[in-house]
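For reference, the structure is listed below as structure tokens.
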Amino acid sequence: MIPTKENLRNELASVKREVALLRSLFISIIAKDREGEYRPTFVKEVLAKATASEVSKRVFRNAATFLKELHQA
């Protein structure tokens, strides 16, 4: 039986999901920090709240402007 393109796409999507789950498991086992365990849901929640409420105060049009502001800070 010759696999169809659709079957191959489905298999590839399935393998991608499995790799993502394994990567997440690996990170949760390895990436422990002194303050406690790695909790992706907490990090996502905090980042979502922080970025949603922040308004950019500056606009950098090029590298020179950015570096000038950085040196002043």
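Quick caveat: nothing in here was measured; it's all calculated off a predicted structure.
Within 6.0 Å of CD on Glu11 lie no more than 12 heavy atoms contributed by other residues, nucleotides or ligands.
One distance of note links NZ of Lys68 with CG of Asn62; it measures 10.5 Å at 0.5 Å rounding.
You'll find the side chain of Val19 reaches within 4.5 Å of the side chain of Val15, heavy atoms only.
Not counting sequence neighbours, Glu18 has no partner by the salt bridge (charged side-chain N to carboxylate O under 4.0 Å, His left out) test. Among residues two or more places apart in sequence or in another chain, the salt bridge (charged side-chain N to carboxylate O under 4.0 Å, His left out) test is passed with Glu45 by Lys49.
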